[in-house]
Amino acid sequence: MDGDVELDVDGRSRTLRVDSRTTLLDALREGLGVTSVKKGCDHGQCGSCTVLLGGRRVVTCLTFAIAHDGATVTTAEGLGAGGRPHPVQEAFVERDAFQCGFCTPGQVCSAVGMLAEARDGRPSAVTDDLTGPVELSDDEVRERMSGNLCRCGAYGNIVDAIQDVAR
Amino acid sequence: MTDLLRPHVLGASPARVEGAAKVTGTALYAGDQRVTDPAYLHLVQAEVARGRVTSVDAEAALALDGVLAVLTPDNAPRLASTDDAELAVLQSHDVDFRGQVVAAVVARTPEIARQAGALVDVRIDEAPHDVHLGADRDDLYAPEEVNAGAETDTSQGDVDAAMAEAPFTVDHTYTTAWYNNNPMEPHTTTALWSDGDLVLHDSTQGVHPTRDTAAEVLGLDPERVRVVSPHVGGGFGSKGTAHVNVIITALAAKAVPGTPVKLALTRQQMFSLVGYRTPTIQRVRLGCDEGGWLRAVAVDVVEQTSRIKEYAEQTAVPSRMMYAAPHRSTTHRLAALDVPVPSWMRAPGECPGMFALESAVDELAIACGVDPVEFRVRNEPEVEPESGKPFSSRNLVACLREGARRFGWDDRDPAPRSRRESDWLVGTGVASSTYPVNKMPGSAATVRRTVDGRFRVEIGAADIGTGTWTSLAQVAADALGVEFADVELRIGDTDLPKATVAGGSSGITSWGSTVVAAAREFRAKFGDDPDEGDELTATMPEDDASDEYAKHAFGAQFAEVRVHVDTGEVRVSRLLGVFAVGRVVNPRLARSQLVGGMTMGLSMALHERSVLDERFGHVVNHDFAEYHIAANADVPRVEALWIDEHDPHVNPMGTKGIGEIGIVGTAAAIANAAHHATGVRVRDLPLTLDHFLS
Ligand code: FES
Ligand code: FES
C-alpha cells in the first residue's frame, strides 16, 4: 500500500509516494536521494541513520516514513547555517573525530540532539542528580553518545569534539 | 638504502581534506552514488549448512508486482571462472555453508525485493554438516603455505629437549574467538552494464584488485570494467578481496539490461558472506633459564578454513621474530569445515597470534620472577631470530621503556590482587605489538601540471578511513617540493593508474613509493618550472634492499583494568600505546589510526565473539545488538604516541605502516592486567565476567 508524505528535509519541502513498509531512512536515501543519512544496520543498533526529527534525535531505520507526514527532518547536511557547518561539525574535523566517516553524519546529529537534551536538564543513566541541571562530564558524553557505534574507534576524539562545543 | 624525502609537508598535521564532506554527509560512498532508476537486489540464503538445492520455485515471487527477475542456480548466467568457489555464486546446486546465496531477487523497490525474497521457495536436500573446530580432530591438515606466503611450519634446534631442561616453562593453550570485521558501511555494490561494459560502484579496499577479480570471474577484458570507490566506510580487511556481493550484483544487472542494480548487504548477511577472522586454538610452549632468558619458543596453531576455499591465518608467524631463543618451532593446522569462508581481518596472524604469545610471555615472566617489561627487554634479539637478517630498525625496547615511564609502571606492586579501589580490583598489564612492513608491487601514478599551476597526482588508491586523501597528498607535495595546497590528488577509480590493495598496512609504502618515483621522474624530465599539461606516469620501482633486512614496526601497550569484586564486570580504565613505526606522515591522522586499532583490540578483549550454533552451522549473534563492539562508554581515554624513528631502508618516506599494529597486543595487555588485578588467568577470549566469578 502506498501513500503520500510531505517532509521538510534540511529546509526543503519534499513530497514523495512511499510504500507503507518504507522506513524513513529508505525514504530519505532511496526516495529523495538524501544520502547524508547512512544505513549501518537497519535495526536501530548502530546510530548511523540518526537525524533530528522535529529537533529530537531519532534513528530513521526504526520508523516508517508514512507515519511522518508533515515532519521536519534535519540531517547532517542541513545542520549548518549561513553556508557554514554546525560548530559540532567543525569540531569533528578539527579533532579528527572520525576516520572512514560512515558513522559521522549520525554522530554529529546525535551530538547536536544530545547537547540540547543536556541543556534541557534531561538525565542519563550516569547522572547522579536527576533533578538538577546536567553537568556534561566526559562520562556523561560517553554515555549519551553510546547509541552511535564507531567501528573506526574515534570515540575519544568524538568526546573531545563535543566538549569543545559544550564548554 | 632508499633516497629519503626531506620532510616538509610530511610530519605536518593538515585535517582530512574530505573532512567537511564527511561531517556533512556529502561524501559519496558506494550506496550514495547517483544512478538513474535503479532496481534493488535481495539475496536469498541457504538455511542449512550443507546439502543440495533440489528445486527453486520463483513463481510466487515473480507474480509480485514490481519484481523484475529472480536468479537461481538453474537460470543464473554462467561465469567464466569458478576457480574461486566463494565467488561462484549460483553456479551449482551445492550448499556449502549456511547463509550461502541460493537465489536473488531483483525488484523495483527494496521492500518488494525483500518481500519477494521470502516468497522464493528453495528446497534443499540436507546433508550432515561438520562445523566443529577442535584441536583433537583427526583430519587436521597442514596447508601448503599460510597467509601472506609464509611457511606453514618452521623449526630450529630442539624444543622438546630445551623445554625439558628449562627451570621455568609455560605450556598452555590459548584461544581467540571467531570475529567479524563489521565495518560500519555494509558491503555495497551498484552495477550497471552498457554495451558490454560494466561499471561498479563498490565499497572496496582496492578498485583495481576488485576490477581484476570481477573481470576474470565474469570473463571480461579488465578494460571493460570500471570500479569507482572514492570513499569507503571502513573495511578492516573484509573489503580487501571481492566478495560475492560484487559478482551477484553484476549478474543481476545483466538480467535487467539498462537498469542499474543496487545491493547493500544486511548486517546479518555480513556474518556469512564477507569473510571473518577464524577462531584459533594456540598451544604455546615457552622455556627460560633462571635469569629469564628464553631457551624455547614453540607455537602450534589449529584454526579453521572453509571446505570450499582455503584461507590459512598466519597466527604463529609473529612468534618467529619477536624474541631471541635458540630452540623454536611453529606449526599451523587447519580444519576444513562447512562454514563461511574466513579471510583477512585487521592484522591477520599478528592479532590473534600476539594474544597468545604475549599472554604466555607474561605467565613466564611471572613464573621466573622477572618484571614483564624487563623480561621482554632481556629477550630482545640482535637479528631476526629465524632468518638471521638484521632489522632495518627495531625499537621495541625504546617503546617498552618510554611506555613504562609514561604509564607509571615502576610504581606497580607485581603481586596479583594487590590493589583494590572500593569494589574494584585494579591491575596493570603490558604486551608488545608488531607488524611487518609490507610493500606490494604493481602500482603506477601519474603527475600532471594543471592549468591553475598546481599538480594533479593520480593513482587508484583507496581511503577506507586511513587518511589516504590527505597523507598521500602530503607525500606527493614533498616529493614534488611544493606546498600541500598545490597538490590535487585523485584516487578511488580504475580510470586512474593501477594501484594495489589497501591491505597489510602497505598503502602508504606502496602508493607513496610510486608517487615519489613519479614525482622525481617528473621533476627530472620537466624541471622546476614545468609547462601546463606536462605529464608523466611511473610505476613503483623494484625494491633494491628488500631481502637484506627484516622490516617490522613495533610497539608496547599498557593497560589498566578494573574487575568488579562481586559481578566480575571488566572495565578498561587506561590504555597507552607507544609505537615505533618509522616516520609519521600526519600525526593528527596517525593518532586516530593507532587509537582506532587499540580500541578494536579492547573490543576484542572484552566483548567480541561470534557464537556458532554447531547444530545449525550459523553465527547466532549476527547483529550489533548481540555481537557487541565497543561503544563510546566502553572506551576510556586511549593514548597513542610514537618514538622518533628513522628507517632509511623501508621506503623513500621512511614509513612503516600504521593501520594494523594498533590492534596487535592490546588484548594480551588487557588480559595480563586482568590477571594482575584478580589473579585469574584468562586464556580464552573474550574476558567476560564469568571468568572472574569463582
Ligand atoms: S541503521 Fe539505523 S540504527 Fe543502524
Ligand atoms: S568513522 Fe568509521 S565507523 Fe566511525
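In terms of non-hydrogen atom pairs under 4.5 Å with chain B, the most contact-rich of A:G40, A:S36, A:P105 is A:G40. Options B:K262, B:R591, B:R267, B:E111 differ in how many heavy-atom pairs under 4.5 Å they form with chain A, and the most are formed by B:E111. Per-residue counts of heavy-atom pairs under 4.5 Å with chain A were compared for B:V638, B:D623, B:V595; the largest is that of B:D623. Per-residue counts of heavy-atom pairs under 4.5 Å with chain B were compared for A:E143, A:R29, A:M145; the largest is that of A:R29. Among B:D634, B:L589, B:T109, the residue with the largest count of heavy-atom pairs under 4.5 Å with chain A is B:L589. Ranked by non-hydrogen atom pairs under 4.5 Å with chain A, the options B:N182, B:L602, B:I112 are led by B:N182. With chain B as partner, the option from A:C100, A:C41, A:G101, A:G153 having the largest number of non-hydrogen pairs under 4.5 angstrom is A:C100. Looking only at heavy-atom pairs under 4.5 Å with chain B, the residue among A:E30, A:R142, A:R144 that has the most is A:R142.
Put simply, the side chain of A:Q99 reaches to within 4.5 Å of the side chain of B:R16, judged on heavy atoms.
More than 12 heavy atoms of other residues, nucleotides or ligands lie within 6.0 Å of CG in A:D2, so this atom counts as buried by the packing criterion. The number of heavy-atom neighbours closer than 6.0 Å to CG of A:D4, taken from other residues, nucleotides and ligands shown, is above 12.
Using a 4.5 Å cut-off between heavy atoms, A:C109 does not touch chain B at all. Using a 4.5 Å cut-off between heavy atoms, B:P38 makes no contact with chain A at all. Interface residue A:D96: backbone and side-chain heavy atoms are both found under 4.5 Å from chain B. Both the backbone and the side chain of B:Q593 come within less than 4.5 Å of a heavy atom in chain A. The part of B:N181 that comes within reach of chain A is its backbone (N, CA, C, O), which places non-hydrogen atoms under 4.5 angstrom from that chain. Neither the backbone nor the side chain of B:A264 comes within contact range of chain A, judged by heavy atoms closer than 4.5 Å. For chain B, no part of A:L79 is nearby; none of its heavy atoms comes within less than 4.5 Å. If you measure heavy-atom distances from B:S13 to chain A, you find no contacts under 4.5 Å at all. Proximity to chain A is absent for every atom of B:T266, based on heavy atoms less than 4.5 angstrom apart. Using a 4.5 Å cut-off between heavy atoms, B:I464 touches chain A through its backbone atoms (N, CA, C, O) alone. The part of B:R114 that comes within reach of chain A is its side chain, from C-beta onward, which places non-hydrogen atoms under 4.5 angstrom from that chain. Residue B:T24 touches chain A through both its backbone and its side chain, counting heavy-atom pairs closer than 4.5 Å. With a 4.5 angstrom heavy-atom cutoff, A:D160 touches chain B only via side-chain atoms. Only the side chain of A:S48 comes within contact range of chain B, with heavy atoms under 4.5 Å apart. Interface remark: A:D139 contributes no atoms to any contact with chain B (heavy atom separation under 4.5 Å). Contacts of B:V635 with chain A are made by both backbone and side-chain atoms, with heavy-atom separations under 4.5 Å.
Taking both residues in full, the closest heavy atoms of A:K39 and B:P186 are given as O-CD, 3.3 Å, listed atom of the first, atom of the second, then distance. Pairing each heavy atom of B:G25 with each of A:A76, the nearest pair is N-CB, 4.3 Å. Considering every non-hydrogen atom in both B:A631 and A:S146, the closest pair reads CB-O, 3.9 Å.
In this structure, CZ on B:F624 lies 7.0 Å from CZ on A:R151, to the nearest 0.5 angstrom. We find the CZ-CD distance between A:F98 and B:E18 to be 6.5 Å, quoted to the nearest 0.5 Å. A distance of 5.0 Å separates CZ in A:F102 from CD in B:E185, rounded to the nearest 0.5 Å. Separating the CZ atom in B:R637 from the CG atom in A:D138 is a distance of 5.0 Å, to the nearest 0.5 Å. Rounded to the nearest 0.5 Å, atoms CE (B:M600) and SG (A:C152) are 7.0 Å apart. Residue A:C150 holds its SG atom at 9.0 Å from CG of B:N632, rounded to the nearest 0.5 Å.
In summary, B:R588 and A:E94 engage in a salt bridge, as defined by a charged side-chain N under 4.0 Å from a carboxylate O. The residues A:E77 and B:K22 are annotated as not salt-bridged, no charged nitrogen and carboxylate oxygen being separated by less than 4.0 angstrom.
Annotation: residues 27-37 of chain B contacts chain A through B:A27, B:L28, B:Y29, B:G31, B:D32, B:R34 [non-hydrogen atoms, separation under 4.5 Å].
Residue pairs meeting the side-chain hydrogen bond (donor to acceptor under 3.5 Å, both in side chains) criterion with at least one member in residues 80-89 of chain A, sequence neighbours excluded, are A:R84-A:E90.
Not one N or O on the side chain of A:Y155 forms a donor-acceptor pair closer than 3.5 Å with the backbone of B:G596.
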